[in-house]
Amino acid sequence: MAEFSERVLDIVKQIPRGKVASYGQIARMMGSPRSARYVGYALRGNHDPIVIPCHRVVFKDGRICEGYAFGGPEVQRALLEDEGVAFLDDMHIDMDACLWQPEADRLSRPPDIDWEKEMGL
DNA sequence: AGAATGACGTATG
DNA sequence: GCATACGCCATTC
């Protein structure tokens, strides 16, 4: 098992209830900001919904991969809503409010984060 | 063992 | 602003 997958799983498992993380952000957390694709890939290969809440891993847009998360789109929405995640649409999460920001606690940065700049950097 | 593919995101045309 | 191309690296056939 490559460290890549284990690291992804480890990060996803650490996503607190009521929070969501984007693939790109996780990729950046592991030091490979360009490898966002493989974050999800690792999840699929290690599909283990017991310890890997895939429904908390969403696109940058806040959309969920309903075709790959367990249960189904309805279950995902129910789980996320039950966890306190705000939904803008049936398939879009309020990233601005529910995005998992472990660093935010340290940076105490306002919600006016310039992600584009962070990404580009 | 080698080729193909794949849950994203950014850059460029 | 929309469409297309590329990059990244591991997993799978």
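Order of the sequence lines fixes the chain letters, A, B, ..., with proteins taken first and strands second; residue numbering starts at 1 for each chain.
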Donor-acceptor pairs under 3.5 angstrom involving side-chain atoms of residues 77-84 of chain A: please list them, not counting sequence neighbours.
{"from": "A/Glu83", "atom 1": "OE1", "to": "A/Arg56", "atom 2": "NE", "distance (Å)": "2.9"}
{"from": "A/Glu83", "atom 1": "OE2", "to": "A/His55", "atom 2": "NE2", "distance (Å)": "3.4"}
{"from": "A/Glu83", "atom 1": "OE2", "to": "A/Arg56", "atom 2": "NE", "distance (Å)": "3.2"}
{"from": "A/Glu83", "atom 1": "OE2", "to": "A/Arg56", "atom 2": "NH2", "distance (Å)": "2.7"}

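We find that CZ of A/Arg7 is positioned 10 Å from P of C/dA10, with the value rounded to whole Å. Between A/Arg44 atom CZ and C/dC9 atom C1' the separation is 14 Å, expressed in whole Å. Between the CG atom of A/Asp48 and the C1' atom of B/dA7 there is a distance of 16 Å, rounded to whole Å. Look at CE on A/Met30: it is 11 Å from P on C/dC9, rounded to the nearest Å. Rounded to a whole Å, the CE atom of A/Met29 is 14 Å from the P atom of B/dG9. For the pair A/Phe4 CZ and C/dA10 C1', the interatomic distance rounds to 7 Å; values are reported in whole Å. The distance from atom CD1 of A/Ile26 to atom P of B/dG9 is 10 Å, rounded to the nearest whole Å.
Remark: nothing in residues 80-92 of chain A comes within less than 4.0 Å of DNA chain B through any heavy atom.
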Enumerate the protein-to-nucleotides 6-8 of chain C contacts in which both atoms are nitrogen or oxygen and the separation is below 3.5 Å.
{"from": "C/dG7", "atom 1": "O6", "to": "A/Arg37", "atom 2": "NH1", "distance (Å)": "2.8"}
{"from": "C/dC8", "atom 1": "N1", "to": "A/Tyr38", "atom 2": "OH", "distance (Å)": "3.3"}
{"from": "C/dC8", "atom 1": "O2", "to": "A/Arg34", "atom 2": "O", "distance (Å)": "3.3"}
{"from": "C/dC8", "atom 1": "O2", "to": "A/Tyr38", "atom 2": "OH", "distance (Å)": "2.6"}
{"from": "C/dC8", "atom 1": "N3", "to": "A/Tyr38", "atom 2": "OH", "distance (Å)": "2.4"}

For nucleotides 1-5 of chain C, print each protein N/O atom paired with a nucleotide N/O atom at under 3.5 Å, atom names and distance only.
none

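In this structure, the side chain to side chain donor-acceptor pair (under 3.5 Å) partners of A/Arg7, at least two apart in sequence or on a different chain, are A/Glu3. When the ring-ring contact (aromatic ring centres under 6.0 Å, His included) test is applied to A/Tyr68, no partner is found at least two apart in sequence or on another chain. Every ring-ring contact (aromatic ring centres under 6.0 Å, His included) that A/Phe59 has, sequence neighbours left out, goes to A/Tyr23. A/Gln14 pairs by the side chain to side chain donor-acceptor pair (under 3.5 Å) definition with A/Asp10, not counting sequence neighbours. When the side chain to side chain contact (heavy atoms under 4.5 Å, CB included) test is applied to A/His47, no partner is found at least two apart in sequence or on another chain. Residues passing the side chain to side chain donor-acceptor pair (under 3.5 Å) test with A/Arg17: none are found, sequence neighbours excluded. Contacts of A/Pro49 classified as side chain to side chain contact (heavy atoms under 4.5 Å, CB included), with partners at least two apart in sequence or in another chain: A/Phe70.
At the heavy-atom level, A/Tyr41 lies under 4.0 Å from base atoms of the strands shown.
With contacts defined as side-chain heavy-atom distances shorter than 4.5 Å, the pair A/Ser22/A/Met95 qualifies.
Note on residues 26-45 of chain A: no pairs pass ring pair (Phe, Tyr, Trp, His ring centres under 6.0 Å), not counting sequence neighbours.
Listed for the A/Gln25 side chain is no donor-acceptor partner under 3.5 Å among the backbone atoms of A/Pro33.
Phosphate contact (OP1/OP2 of B/dA7, side-chain N/O of A/Tyr68, threshold under 4.0 Å): present.
Out of B/dG9, C/dT12, B/dA7, the shortest distance to the side chain of A/Lys60 is found at B/dG9.
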